[in-house]
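Below: the structure, in structure tokens.
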Amino acid sequence: MRRLYPHPFLSLTLVLLWFLLVNQWKPGSLVMALILATLIPLLSQRWWPDRPVIRHPFGLLAYMLLVLWDVIVANFQVARIILLMPDQKIRSAWITVPLDLTSPEAISLLAGTITMTPGTLTADFSADGRALLIHSLHAPDPDAIRSEIKSRYETRLKRIFE
């Protein structure tokens, strides 16, 4: 079974995405989803690096729930900033966040988390892999945002991946 589905999570994700795209729950859609879920991982497996080691899978689930909550809260915060705050009071800032993470998967997940959260964007990654450059829509205290990213996200990712 492992030989047919080298990346089972990817295969499951492809099936779910296919059903979301076609918006039909028919037998033909299921067959096509299973064909794609089988062929795409098989044809692309040679380009996949070693699988990341997830030391705490339940920690990853908790992390995803935390990010979902933060995205919901940040939507309201950004709406308040855009709709109610005068332009002169908005303090956009570029913030460099030094990284303690070494796992490429954890760093990518951190960068993606920052970008997914409304009001922040990961703009660049240092060549040595030790820092992220982040833009924040409103950062009256950039050090507080840097500290929050490190304590809220990076420490959790460190526990999950390293």
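For this chain, numbers begin at 1 and follow the sequence in order. Fair warning: this is a prediction, and the values are worked out from it, not measured in the lab.
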Can you name the side chain to side chain contact (heavy atoms under 4.5 Å, CB included) partners of [X], sequence neighbours left out?
| X | result |
| --- | --- |
| Leu61 | Met64 |
| Ser11 | Tyr5, Ala37, Pro41 |
| Ala144 | Asp141 |
| Ser147 | none |

[atom1]/[X] to [atom2]/[Y] distance, rounded to the nearest 0.5 angstrom?
| X | Y | atom1 | atom2 | result |
| --- | --- | --- | --- | --- |
| Leu16 | Leu21 | CG | CG | 11.0 Å |
| Thr122 | Met116 | OG1 | CE | 10.0 Å |
| Lys158 | Thr102 | NZ | OG1 | 5.5 Å |
| Leu132 | Asp124 | CG | CG | 9.0 Å |
| Ile149 | Ile145 | CD1 | CD1 | 7.0 Å |
| Leu39 | Ile35 | CG | CD1 | 7.0 Å |

- Counting only N and O atoms by type, is there a donor-acceptor contact under 3.5 Å from the side chain of Thr120 to the main-chain atoms of Thr115?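 Answer holds: no.
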>> Using only atom types and a distance under 3.5 Å, with no angle test, would you say the side chain of Arg159 pairs donor to acceptor with the backbone of Gly59?
In response: no
Taking [Y] as the starting point, is it possible to reach [X] by hopping between hydrophobic residues whose side chains are less than 4.5 Å apart?
| X | Y | result |
| --- | --- | --- |
| Leu10 | Leu60 | no |
| Leu36 | Val22 | yes |
| Ile54 | Leu12 | no |

(message) Could you go through Val71 and Val73, starting from their C-alpha distance and side-chain angles, then the distance that decides it, and tell me whether this counts as side-chain contact (heavy atoms from CB on, under 4.5 Å)?
(response) CA-CA 6 Å; Val71 167; Val73 170; over 6 Å; no
Identify each donor-acceptor pair in which a side-chain atom of residues 107-114 lies under 3.5 Å from a protein atom, sequence neighbours left out, and give them as a table.
{"unit_1": "Ser108", "atom_1": "OG", "unit_2": "Pro104", "atom_2": "O", "d": "3.0"}
{"unit_1": "Thr113", "atom_1": "OG1", "unit_2": "Tyr63", "atom_2": "OH", "d": "2.8"}
{"unit_1": "Thr113", "atom_1": "OG1", "unit_2": "Leu109", "atom_2": "O", "d": "2.7"}

Indicate the atoms forming the closest heavy-atom contact of [X] with [Y], along with that distance.
| X | Y | answer |
| --- | --- | --- |
| Pro142 | Ala139 | CD-O, 3.6 Å |
| Leu157 | Ala106 | CD1-O, 3.6 Å |
| Thr96 | Arg146 | O-NE, 2.7 Å |

Show, in sequence, the C-alpha distance, side-chain angles and deciding distance for Phe161 and Arg55, and conclude whether the side-chain contact (heavy atoms from CB on, under 4.5 Å) test is met.
CA-CA 6 Å; Phe161 286 99; Arg55 300 195 189 291; over 6 Å; no
Residues at least two apart in sequence or cross-chain that pass ring pair (Phe, Tyr, Trp, His ring centres under 6.0 Å) with His135, listed by chain then number, are Trp94
Excluding sequence neighbours, so at least two apart, what forms ring pair (Phe, Tyr, Trp, His ring centres under 6.0 Å) with Trp69?
->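 Result, ring pair (Phe, Tyr, Trp, His ring centres under 6.0 Å) vs Trp69: none returned.
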Name every donor-acceptor pair, under 3.5 Å, that has one atom in a side chain of residues 23-31 and the other anywhere in the protein, sequence neighbours excluded.
none

Item to complete: May I have all residue pairs that pass salt bridge (Lys or Arg N to Asp or Glu O under 4.0 Å) and include part of residues 84-98, sequence neighbours excluded?
Response: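 Matches after skipping sequence neighbours: none remain.
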| query | What do the steps show when you test Thr117 against Tyr153 for side-chain contact (heavy atoms from CB on, under 4.5 Å), and what is the final call? | reply | CA-CA 12 Å; Thr117 307; Tyr153 300 127; 4.2 Å; yes
Next on the checklist: Using the salt bridge (Lys or Arg N to Asp or Glu O under 4.0 Å) criterion, which residues pair with Lys150? Sequence neighbours excluded.
Outcome noted: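 With neighbours one apart ignored, the set is Asp100, Glu154.
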Sorted by chain and number, sequence neighbours left out, salt bridge (Lys or Arg N to Asp or Glu O under 4.0 Å) with Arg156 holds for none
Under 3.5 Å donor-acceptor pairs involving side-chain atoms of residues 77-85, not counting sequence neighbours:
none

Notebook entry, point to check: Above 12 or not: heavy atoms from other molecules or residues under 6.0 Å from CD of Glu162?
Noted result: yes
Go through Ile134 and Leu121 one step at a time and tell me if the side-chain contact (heavy atoms from CB on, under 4.5 Å) criterion holds.
CA-CA 6 Å; Ile134 295 165; Leu121 173 77; over 6 Å; no
